[in-house]
Amino acid sequence: MSEYTFDDVSVVMGTYNEEAAIGSVLADIERVTDGRAEVVCVDGSDDRTPEIARGMGARVIEQEPRGYGVAVHEAVRTPDRPVVVTTDCDDTYPMERLPDFLDRINEGYDVVSGDRITPNPETMPALNRLGNRIFAGLASLLLGRRLHDVTTGMRAYRRDLLHRIEWTENTGLSAELLMRPVARDYRVTETTIDYDERAGETKLDPFRGGAAIAKSILRVGIEERFGTSLDSVSTTDVVERT
């Protein structure tokens, strides 16, 4: 089987009022992939974000704002290309690492997850660093495998995996997108990445959002490890490995 190239890659993101950063992110993707990667933005903005994205060649899917997970769920399931890379649109993630992520997919991994936490980034607020370490520790305990960053926004996936698993979370979707493949014995690896200071203002309340993410991690971990939900309702695994 021939190796994947950037002609096989879609870079996807949910966007919400990111006019300060979206141009820079798209320009970096264009530069690093020589314009060969498809870009998909699922947008709920009321600023110039979708206009800028379209003007730079991205495919924009507009939807009413319903949270991070709803937008990203649509984004990851839309492309037809066999490799899907997620990123955030706030200019925090290093698009120059896209070739490395593609290399790891070509090595046979199903998911390549960017680890922001191990390098202890000073550009991430201390409260966020602590919260992300707690999230990773909780997920590791539930799954029985050491994970370092379960809420990162930069990952590469084989597209068929994204269509085999039923995704259920909203605010906690990023953690779910890593935890379920790990629990189901897909080939998953983490790779350390730099994390830059965000452009524009964050939309996530650190306390309410953190509580929602922790609840999602508990729900997904209990479902995958024990086959029961937080409400002790039996669940059915809707995915069979082929």
Side-chain angles (χ1 to χ4, degrees), residues 6 8-19 21-23 25-26 28-30 33 37-93 95 98 101 105 110-114 150-181 184 186 188 198 200 202-205 209 212-213 215-217 219-220 223 238-239:
F6 282 122
D8 303 305
V9 173
S10 294
V11 182
V12 306
M13 63 194 83
T15 56
Y16 180 70
N17 291 351
E18 297 287 358
E19 64 180 13
I22 189 66
V25 174
L26 296 180
D28 286 345
I29 296 169
E30 170 82 14
T33 71
E38 174 189 43
V39 180
V40 178
C41 301
V42 177
D43 185 74
S45 302
D46 55 21
D47 67 358
R48 295 182 57 250
T49 300
E51 176 186 339
I52 295 169
R54 285 195 183 94
M56 297 186 69
R59 176 182 177 186
V60 177
I61 301 169
E62 296 191 47
Q63 65 173 211
E64 292 295 320
R66 288 177 288 167
Y68 170 86
V70 174
V72 173
H73 181 274
E74 179 72 18
V76 298
R77 290 180 62 87
T78 293
D80 293 325
R81 297 190 181 190
V83 179
V84 177
V85 178
T86 60
T87 188
D88 288 351
C89 51
D90 54 11
D91 211 16
T92 54
Y93 289 99
M95 294 300 97
L98 287 172
F101 278 63
I105 292 290
D110 299 302
V111 182
V112 183
S113 188
V150 298
T151 54
T152 179
M154 187 173 182
R155 292 200 187 107
Y157 305 85
R158 292 181 183 268
R159 175 181 173 273
D160 58 352
L161 177 152
L162 294 168
H163 287 262
R164 288 176 181 172
I165 297 177
E166 181 181 25
W167 310 105
T168 62
E169 300 302 305
N170 191 351
T171 303
L173 181 66
S174 182
E176 182 183 20
L177 284 165
L178 182 64
M179 291 176 68
R180 293 201 192 274
R184 301 182 191 198
Y186 285 93
V188 177
R198 67 169 289 123
T202 182
K203 282 75 172 182
L204 183 67
D205 180 278
I213 292 169
K215 185 176 180 180
S216 291
I217 290 170
R219 183 184 305 280
V220 171
E223 286 178 357
V238 298
V239 178

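Not measured: the values here are computed from a predicted model. Hydrogens, waters and symmetry mates play no part in the numbers below; they use all other heavy atoms, side chains included.
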Decide yes or no for [X] and [Y]: does some side-chain heavy atom of the first lie under 4.5 Å from some side-chain heavy atom of the second?
X: Leu177; Y: Leu162; answer: yes
X: Thr15; Y: Val42; answer: no
X: Ile165; Y: Tyr186; answer: yes
X: Thr92; Y: Met154; answer: no
X: Glu74; Y: Gln63; answer: yes
X: Thr49; Y: Tyr16; answer: no
X: His163; Y: Arg77; answer: yes
X: Thr171; Y: Lys215; answer: no

Q | Modelled atom types, side-chain donor and acceptor of Tyr157 and Arg155, under 3.5 Å | A | yes

Q) Do you see a donor-acceptor pair shorter than 3.5 Å between the side chains of Glu176 and Thr168? A) yes

(Q) I need the minimum non-hydrogen distance between Gly69 and Leu173, along with the two atoms involved. (A) O-CD2, 3.3 Å

**Q.** Contacts of type side chain to side chain donor-acceptor pair (under 3.5 Å), residue Glu51, not counting sequence neighbours
**A.** none

Any salt bridge linking [X] with [Y]? Criterion: basic side-chain nitrogen under 4.0 Å from a carboxylate oxygen.
X: Glu223; Y: Arg180; answer: yes
X: Arg54; Y: Glu62; answer: yes
X: Arg81; Y: Asp8; answer: no

Q) Where the side chain of Glu19 meets the backbone of Asp47, is there a donor-acceptor pair that is under 3.5 Å apart? A) no

**Q.** Val112: partners by side chain to side chain contact (heavy atoms under 4.5 Å, CB included), with sequence neighbours left out
**A.** Phe101, Arg104, Ile105, Tyr109, Ala156, Thr189, Thr191

